[in-house]
Amino acid sequence: MIHEKISAYFGEVAGDPHHRYRSWEHCYRFFREATPSGIAAQRQNAALQLGFYLASWGMYRGSTFLLQRAYTVHLGVVDCLVSQRFAPLWEREFGCEATDVELVPIILDAAGAISEAYSQFGEPTETLVTKVLLGTFGCLPACDQYFIAGFRGAGLGYSYLNSKFVKKLLAFSCEHLTELRREQATIRDHSGAHYPLMKLVDMYFWQFGYEAGGQSEAKA
């Protein structure tokens, strides 16, 4: 099941190096290949990378507050991401083992810091905050419409971004670690990109929700 869903999702990306889904790859690679100090030294470029990824993933459409702002709206977020208190999220891949539960408070703290950084410009949604986390630390899936539908459809339940939800993600990842590692290797062999465990979890549940909803809309 995991292979089927992830393959269906990645199939849209695999044959097109310019597909908009690739914006996540470019953003994630930029943040992961630089040290926090390196990111801080390139904060303007980091804000541009983050902004373009978010635009590709639907966060600049409609009445969103980001649509009315320049890329500099992301500078405060970049600054908080490189804070020393979030260092463990750069050093470990969340979802590998049960002891990763100690990262849950740090992840939630990071989510709160991102929300606070944006709050001077508008009301940041959980979708926006989790997309930032997915594109930088890679420590959470993006909690958008189809992901939440898939998560609920699998009988896991979702109310809001909290400790209980993150622990459910960790349990799912640990339970299916062998399969997820296999998908990581397949994607890496095909595209050369490293997809963290929570990105694969994101793809799996998003595809689950997308198919269950019978929708034709692409990921937003």
Side-chain angles (χ1 to χ4, degrees), residues 10 13 17-60 66 69-96 100 103-118 121 124-144 147 161 166 169-170 173 180 183-184 187-188 191-203 206 219:
F10 190 70
V13 186
H18 307 293
H19 196 287
R20 72 186 182 94
Y21 287 13
R22 296 278 186 184
S23 293
W24 172 85
E25 286 186 16
H26 297 309
C27 184
Y28 181 74
R29 183 181 296 115
F30 172 86
F31 279 93
R32 298 305 301 194
E33 289 183 352
T35 62
S37 61
I39 295 168
Q42 304 179 71
R43 63 194 294 267
Q44 300 285 334
N45 191 10
L48 284 166
Q49 291 279 357
L50 182 57
F52 196 93
Y53 150 64
L54 292 172
S56 290
W57 277 37
M59 299 312 297
Y60 274 72
L66 292 180
R69 303 291 179 173
Y71 79 94
T72 50
V73 72
H74 304 294
L75 289 172
V77 174
V78 171
D79 292 340
C80 83
L81 292 173
V82 300
S83 170
Q84 181 59 35
R85 74 184 199 262
F86 302 132
L89 300 180
W90 295 116
E91 297 163 0
R92 288 166 58 179
E93 181 179 28
F94 181 71
C96 300
D100 285 349
L103 294 176
V104 173
I106 304 175
I107 291 171
L108 294 174
D109 186 21
I114 292 166
S115 182
E116 183 178 354
Y118 279 132
F121 304 107
T125 63
E126 286 190 355
T127 302
L128 171 59
V129 170
T130 53
K131 284 185 180 182
V132 171
L133 290 169
L134 180 61
T136 55
F137 295 126
C139 63
L140 278 188
C143 297
D144 61 10
F147 172 86
L161 178 57
V166 182
L169 291 170
L170 175 59
S173 183
L180 292 170
E183 297 305 313
Q184 266 186 335
I187 293 173
R188 183 168 56 248
S191 69
H194 174 72
Y195 276 48
L197 294 170
M198 286 300 111
K199 172 58 175 164
L200 298 173
V201 171
D202 173 81
M203 295 160 68
W206 186 90
K219 187 173 181 75

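Residue indices begin at 1 and follow the sequence shown. When reading the values below, keep in mind they use all heavy atoms of this one structure, side chains included, and skip hydrogens, waters and symmetry mates. Predicted, not measured: the structure shown is a model, and the values here were computed from it.
Counting heavy-atom neighbours within 6.0 Å of Phe52 CZ, excluding the residue itself, gives a total of 12 or less. Other residues, nucleotides and ligands place more than 12 heavy atoms under 6.0 Å from the CD atom of Gln44.
Taken from NE2 in His74 to OG1 in Thr72, the straight-line distance is 8.5 Å, to the nearest 0.5 Å. Arg92 CZ to Ile106 CD1: the interatomic distance, rounded to the nearest 0.5 Å, is 8.0 Å. Interatomic distance, CG of Leu200 versus CG of Leu180, reported as 5.5 Å (0.5 Å rounding). Atoms CD and CE, on Glu183 and Met203 in that order, are 8.0 Å from each other to the nearest 0.5 Å. To the nearest 0.5 angstrom, Trp57 atom CH2 is 8.0 Å from Asp144 atom CG. Atom NE2 of His194 and atom CD of Glu33 lie 11.5 Å apart (nearest 0.5 Å).
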Report the C-alpha separation of Gln42 and Val78 in whole Å, then their side-chain angles, then the decisive distance to 0.1 Å, and conclude whether the side-chain contact (heavy atoms from CB on, under 4.5 Å) test is met. CA-CA 10 Å; Gln42 304 179 71; Val78 171; over 6 Å; no
Checking Tyr53 against Leu134 for the side-chain contact (heavy atoms from CB on, under 4.5 Å) test, could you report, in this order, the C-alpha distance in whole Å, the side-chain angles of both residues, the deciding distance, and whether it holds? CA-CA 11 Å; Tyr53 150 64; Leu134 180 61; 4.0 Å; yes
Test side-chain contact (heavy atoms from CB on, under 4.5 Å) on Leu50 and Cys27 and set out the steps. CA-CA 6 Å; Leu50 182 57; Cys27 184; 4.2 Å; yes
Is there a side-chain contact (heavy atoms from CB on, under 4.5 Å) between Leu140 and Leu161 once you walk through the steps? CA-CA 10 Å; Leu140 278 188; Leu161 178 57; 3.7 Å; yes
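Among all heavy-atom pairs drawn from Gln49 and His26, the shortest one is OE1-O, 3.9 Å. When all heavy atoms of Gly95 and Ser173 are compared, the pair lying nearest together is O-OG, 2.8 Å. Nearest approach of Leu89 to Ala110, heavy atoms of both residues: CD1-CB, 4.1 Å. Looking at every heavy atom in both residues, Pro141 comes nearest to Asp202 through CB-CB, 3.5 Å. The two residues Arg29 and Ala193 come nearest to each other via the heavy atoms NH2-CB, 3.8 Å. Taking all atoms of both residues into account, the shortest heavy-atom contact from Phe86 to Ala113 is CZ-CB, 3.9 Å.
With sequence neighbours left out, Arg85 forms a salt bridge (Lys or Arg N to Asp or Glu O under 4.0 Å) with Asp109. A search for ring pair (Phe, Tyr, Trp, His ring centres under 6.0 Å) contacts involving Phe137 returns Trp90, not counting sequence neighbours. In terms of the salt bridge (Lys or Arg N to Asp or Glu O under 4.0 Å) criterion, Glu126 has no residue partners (sequence neighbours excluded). With sequence neighbours excluded, the residues forming a ring pair (Phe, Tyr, Trp, His ring centres under 6.0 Å) with Tyr28 are Trp24, listed by chain and number. The side chain to side chain contact (heavy atoms under 4.5 Å, CB included) check on Cys143 picks up Thr130, Phe147, Ile148, Tyr158, Phe165, with sequence neighbours excluded. The salt bridge (Lys or Arg N to Asp or Glu O under 4.0 Å) search around Arg43 returns Asp79, not counting sequence neighbours.
Side-chain atoms of Thr136 and Val77, non-hydrogen and from C-beta on, never get closer than 4.5 Å to each other. For the pair Met59/Thr127, a side-chain contact is recorded, criterion being any heavy-atom separation below 4.5 Å from C-beta on. Contact of the Val166 side chain with the Leu108 side chain is registered, since non-hydrogen atoms from C-beta on lie closer than 4.5 Å.
Among Val201, Leu170, Leu197, Leu133, the single residue meeting the side chain to side chain contact (heavy atoms under 4.5 Å, CB included) criterion with Phe94 is Leu170.
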